[in-house]
2 protein chains.
Amino acid sequence: MPGSDKGSDTTVERMPAAELVAVLAAVDGANPVVLSVDSEPPSALRALPSGPMEPGHRSLQAGVRSWVERQTRHPLGHIEQLYTFADRGEGGPRAVSISYLALTRIGTTPLPGWRGWYAAFPWEDHRSATGRAASEVLLDALERWCGPVRARRQRARALFGRDGVPWHPEWVLQRYELLFEAGLIAEAGHPAPLAETGTAMWHDHRRILATGIARLRAKIQYHPVVFEMLPDSFTLLHLQQSVEAIAGRLVHKQNFRRLIAAQELVEETGQMSAGTGRPARLYRFRGDVMRDRAVVGTKLPR
Amino acid sequence: MPGSDKGSDTTVERMPAAELVAVLAAVDGANPVVLSVDSEPPSALRALPSGPMEPGHRSLQAGVRSWVERQTRHPLGHIEQLYTFADRGEGGPRAVSISYLALTRIGTTPLPGWRGWYAAFPWEDHRSATGRAASEVLLDALERWCGPVRARRQRARALFGRDGVPWHPEWVLQRYELLFEAGLIAEAGHPAPLAETGTAMWHDHRRILATGIARLRAKIQYHPVVFEMLPDSFTLLHLQQSVEAIAGRLVHKQNFRRLIAAQELVEETGQMSAGTGRPARLYRFRGDVMRDRAVVGTKLPR
DNA sequence: TCCTTTATGCTCAACTTGAGCATAAGTGGG
DNA sequence: CCCACTTATGCTCAAGTTGAGCATAAAGGA
């Protein structure tokens, strides 16, 4: 192998184990959810599914896919690697965890274990006034923590968007890390200093989840991955609500439709939806356009 | 640990060693370069610097930084994780390699080992007619390989941008993988079927480099990372050429300046450049705006 | 019937982007 | 000194994109 200081064979003994961690995301109506395991109390979001890496797959990707599909009995849509973390186990060998984001549909038979992801990040849901209020409260607390340090205050304001600074849905991880730095995050040990601080998760799973949400929010703007989380046929409102659920903010309905129409990502099935209000046309995703353009955006209007 | 089928202790023995691989990028005038090691013949791009992961750092990031800085004696600017690969070592334990992208300046004392990255990807340099021609030749070959399969042809055209389809600089990895699939990539074993196919690299380093270039091209559009690769003071032309070198395509000069001016990312030093043609103002990067906005774009006009 | 709810079509102003025109200010050669 | 050549810099214009709102349609229930 090339490289300057390649380790000797003894190095191998010190080498870390690798673990896979999955952020398995779906949308249940207007509620974005992830699969959670080992909940105590039940129905709380506590830990992401994880397991050891197994030899014998063509790629890590394939390994994650078959492992998750075996566990959940759900076919997976889009899957992508998030990040690799190394934790030092008290100065000794380090455990490497490789995290993945995978998208799926909640079928008609929802598994137990799906939990709304905003339980862990109340301030990230800017669709509702309560979510926005949580974000305000945290920004206040952050500014107290910042003290007179100008750079810090500016960073806080840029991330949490006050005073005309726009709110960027995809900066989930940066916001989480700032809150963490400021000691405002409830972790397993110490209790939450504020009510708006969200539920704690096992080990570093909350950070991994933040990474996953951030990636998904970013991706949704330039790649039609939402459709991996929708049923075969859906109304435009359904599509819009899924996008809003993920992005954590509302969009202008007419503009959203204009955008969707312009991109020719969907086609009418010819059928209409039932339900309250005027019936809406049902659409299906046109998988074929993916090949024409390789990448197409869904773009979020404000 | 939570998770469904957590491995027993015996699993640990099968676990892979982890190796770090760095794509260390810089810009030399109008030439984008990466640090290469172990060149044979010398001055060829053969392998990326790599080494074993060492315990004792706060994070992987910090480990890579100190390792690369020790090797190259260059301070690193931006550094980010690219991807984690697992290669199966003949069905046995897998080697995990964690790859990183790091940016730096080539100081006044250039290290040996910097090589133009387009040697490995001639078709990615759309600044020159020869690069565009290489891209055309490869697309022709691809279309022959595709045969009548419509979906394949469409994918090839979308990626290589023919017939009015726009060329997307950041789809480096996808293009590489398509060429690879089509058997058009020269790898260590078999020779190149075409002249335009670029130089082979050790193991999977060419894929890693492709990932790094892709990430850098994408990043440059919404984060001012170019400045990490420029000297303290520079002319707007210098800045533009660096961007063009990375993006692999030319931009409209006046629009580029308008964009830079609008973003207030740079300020005049008051001095002028010497050299051929009318002297130009020298600028420096305003590091302080980074904090105000958290993220600022450099955006590439066509 | 009227009220509530959701669907859908259309317009407008503000802003962004791609492209080009024109002029300025250096250098080196006749 | 004037000219060709090179790079710098200011400005305009047409198209396209985006944010926001007006208006109307079609269903169900009180």
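Only heavy atoms go into these numbers, but all of them, side chains included; no hydrogens, no water, no symmetry mates. Remember, predicted model here, so these are calculated numbers, not experimental data. Chain A is the first sequence line, chain B the second, and so forth, proteins listed ahead of strands; every chain is numbered from 1.
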Roughly how many Å is it from [atom1] in [X] to [atom2] in [N], rounded to a whole number?
X: A:Met272; N: C:dA7; atom1: CE; atom2: P; answer: 10 Å
X: B:Leu250; N: C:dG18; atom1: CG; atom2: C1'; answer: 15 Å
X: B:Asn255; N: C:dA19; atom1: CG; atom2: P; answer: 8 Å
X: B:Gln263; N: C:dT16; atom1: CD; atom2: P; answer: 11 Å
X: A:Ile260; N: D:dT18; atom1: CD1; atom2: P; answer: 12 Å
X: A:Tyr283; N: C:dT8; atom1: OH; atom2: C1'; answer: 9 Å
X: B:His252; N: C:dT17; atom1: NE2; atom2: P; answer: 14 Å
X: A:Gln241; N: C:dT5; atom1: CD; atom2: P; answer: 14 Å

Is a donor on one side and an acceptor on the other found under 3.5 Å between the side chain of B:Arg215 and the backbone of B:Gln81?
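Here the side-chain-to-backbone pair exists.
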
Would you tabulate the pairs of protein nitrogen or oxygen atoms and nucleotide nitrogen or oxygen atoms of nucleotides 25-29 of chain D closer than 3.5 angstrom?
{"residue": "D:dA25", "atom": "N3", "partner": "A:Arg278", "partner atom": "NH1", "Å": "2.8"}
{"residue": "D:dA26", "atom": "O4'", "partner": "A:Arg278", "partner atom": "NE", "Å": "3.3"}

Do B:Arg258 side-chain and D:dG10 base share a donor-acceptor contact under 3.5 Å?
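Per atom types, no contact qualifies.
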
Parallel, tilted or perpendicular, as decided by the 30° and 60° cut-offs, for the rings of A:Tyr176 and A:Trp123:
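Geometry flag for A:Tyr176 against A:Trp123: parallel rings.
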
Could you check which of [options] has an atom nearest any side-chain atom of [X]?
X: A:Ala280; options: D:dA8, C:dA19, C:dA7; answer: C:dA7
X: A:Gln254; options: D:dT9, D:dG21, C:dA7; answer: D:dG21
X: B:Arg257; options: D:dG21, D:dT9, C:dA19; answer: D:dT9

Check ion pair B:Glu143-B:Arg157 (N to O, under 4.0 angstrom)
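Salt bridge present between B:Glu143 and B:Arg157.
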
I'd like to know if A:Glu264 and A:Arg286 make a salt bridge, using a cut-off of under 4.0 Å between side-chain N and carboxylate O.
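A salt bridge is absent here (no side-chain N lies under 4.0 Å from a carboxylate O).
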
Distance, nearest 0.5 Å, that separates CZ of A:Arg132 from CG of A:Asp125
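Going from the CZ atom of A:Arg132 to the CG atom of A:Asp125 covers 9.0 Å.
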
Between CG of A:Leu282 and CD of A:Glu267, what distance do you get to the nearest 0.5 Å?
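Reported value, rounded in 0.5 Å steps: 12.5 Å.
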
Per the side-chain contact (heavy atoms from CB on, under 4.5 Å) rule, which among A:Val33, A:Asn31, A:Leu216 passes with A:Trp117?
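One option only clears the test, and that one is A:Leu216.
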
Is there a side-chain contact between A:Lys253 and the phosphate of C:dT8, meaning an N or O under 4.0 Å from OP1 or OP2?
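Answer no for this pair, as no side-chain N or O of A:Lys253 is under 4.0 Å from OP1 or OP2.
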
Respond yes when some side-chain nitrogen or oxygen of A:Arg281 is under 4.0 Å from OP1 or OP2 of C:dT8, and no when none is.
yes

Please classify the nucleic acid contact of A:Leu236 as base, sugar-phosphate, or nothing, using heavy-atom distances under 4.0 Å.
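It contacts nothing in the nucleic acid.
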
